[in-house]
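Here the structure is laid out as structure tokens; the discussion comes afterwards.
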Amino acid sequence: MSKRTKENTHTVIMIGAGPAALSAAIYTTREDIETMLVEKGVPGGLAAVTDWVDNYPGFPEGLAGLELAGNLQKQAERFGAVIDFGEVTALHDEGEWKRLETTLGDLYAKVVLVATGSDYKKLGIPGEVQYYARGVHYCATCDGAFYRDKRLVVVGGGNSAVQEAMFLTRFASHIDLMVRSKLRASDVLQKELQKFVDEGKITVHLATTTDEIVGDEDNKVVQVKGTDTKTSSPVKIDTDGVFVFVGLKPNSEFAGGQLETDEVGLIKTDENLMSSMKGVFVAGDIRSGATMQVASAVGEGATAALKIREYLEGHTINVQEEV
Amino acid sequence: MVKNITIFTTKTCAYCPMVKRYLAAKGLSYDEVNLDEEPQRQQEALAISGALTVPVTVVTRQDDSREVVVGYNLAKLAPAIA
Ligand SMILES: Cc1cc2nc3c(=O)[nH]c(=O)nc-3n(C[C@H](O)[C@H](O)[C@H](O)COP(=O)(O)OP(=O)(O)OC[C@H]3O[C@@H](n4cnc5c(N)ncnc54)[C@H](O)[C@@H]3O)c2cc1C
């Protein structure tokens, strides 16, 4: 454990730099509340790896997720937010101070905002680990371009799977969408998907589990094996690659069970967006009850920032003076 | 000492600008191969990295030894350019 110094002490530390944290940082820094964000991946979070965002208010034509992420980052940095790249691995309540163990060393803050969102879930089937990034992928905007005129399987039946399957038609000659039970994507997306189905670009396999990813002697993915759960008969689909979008896993492990969570691991808050640990606020997809949209993550970020300001009233705003 | 750096990218990859920004912040220049614009070079990216993903950063040192960094991986990229 390292000691508190001017360098490692902050008024507010935000864990993550996705839409929720970046929006919160716009508010806190604009109010002169010194704020640092710790990000383990890309600023913009899941929004940055989403091809196109059509439902973010204020952009009638929609906009690229990467552009939205870049704009949020620039706006937060314009007011003085500092983003440092590292991962928070543990959180400790030391009374007036919260201590964060991170890959950048220990950091201290009066207030912490947890805005860690979620990561893609894995299927946990044979072949998935073996062919990772060589035929098995979790990011269509990153890896789709490698499948020009190739056949692809997309696994999943929610919004992400449907959205990403449609994006991948830009590259792939044909896509098989494997859905364990039935489609859970929104009506709007299902309607859009139908157009691709009618054009013969996507085939949807409902009630089909994905059981194994099979490669050839050159270590290339060539087939996906599954089961038709209605007839129990085996399903074999020849493919050049598999993109997996079977839901998200909340990034709350770093808290080591110290923050109260719901049954799926999302962090519970009170009406002020404060977690069960005093001084630790929560916003965006990681919050129990969140609606998992950029617009709501941004709204929660703004709300959390205003609640943080209220919480800090009467405290020193620039805590480095206290060191 | 670094002799040259080549980054394989695509237009939609979020991690590609991160690598470029990191190198720029270190004062290093690089060549970029955008695989959306030059799809014929995908095989080259695959052969070098063993992975069907971007970014792939290839750092060639003065002695022509080569370090290949797959993805946005500062733990590997930082020592590669040191
Ligand atoms: C494929 C796909 C398509 C989508 N399309 C849309 C859409 O069209 N419209 C829409 O409104 N929403 C869409 N969403 C949902 C939207 O992206 C999320 O609701 C939004 O990004 C949530 O923001 P957030 O800030 O809460 O979390 P995230 O965006 O998940 O950001 C969390 C950040 O925290 C970082 N982090 C996590 N753990 C740590 C740690 N321990 N230390 C440091 N950093 C950490 C992560 O790297 C990440 O950058 C889509 C999501 C996906 C996956």
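All values below were derived from every heavy atom in this structure, side-chain atoms included, with hydrogens, water molecules and symmetry-related copies excluded. In what follows, every chain begins at residue 1, and chains take the letters A, B, ... in the order their sequences are listed.
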Would you give the length of the straight line joining atom [atom1] of [X] to atom [atom2] of [Y], rounded to the nearest 0.5 angstrom?
| X | Y | atom1 | atom2 | answer |
| --- | --- | --- | --- | --- |
| A:K220 | B:L52 | NZ | CG | 8.5 Å |
| B:C13 | A:D143 | SG | CG | 8.5 Å |
| A:Q73 | B:R21 | CD | CZ | 5.0 Å |

Considering non-hydrogen atoms only, spot the tightest contact between [X] and [Y] and give its length.
| X | Y | result |
| --- | --- | --- |
| A:A48 | B:A14 | O-CB, 3.1 Å |
| B:Y72 | A:G41 | CE2-O, 3.6 Å |
| B:M18 | A:F85 | CE-CE2, 3.4 Å |

Please check if the number of heavy atoms outside [X] that lie under 6.0 Å from its [atom1] is greater than 12.
| X | atom1 | answer |
| --- | --- | --- |
| A:F79 | CZ | yes |
| A:E212 | CD | yes |
| B:K26 | NZ | no |
| A:K74 | NZ | no |
| B:Q43 | CD | no |

Any chance you could lay out the side chain to side chain contact (heavy atoms under 4.5 Å, CB included) test for B:T12 and A:W52, step after step, and finish with the verdict?
CA-CA 10 Å; B:T12 49; A:W52 197 253; over 6 Å; no
Which one wins on heavy-atom pair count under 4.5 Å against chain B: A:V42, A:V49, A:T50, A:N219?
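Of the candidates given, the most pairs with chain B belong to A:V42.
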In terms of heavy-atom pairs under 4.5 Å with chain A, which of B:T10, B:L74, B:V54 leads?
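Among B:T10, B:L74, B:V54, the one with the most close pairs to chain A is B:V54.
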Does any backbone or side-chain atom of B:T53 lie under 4.5 Å from a heavy atom of chain A? Answer side chain, backbone, both or neither.
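Interface part for B:T53: both.
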Side chain, backbone, both or neither: which part of [X] has an atom under 4.5 Å from a heavy atom of chain B?
| X | result |
| --- | --- |
| A:F171 | side chain |
| A:R148 | side chain |
| A:A64 | neither |

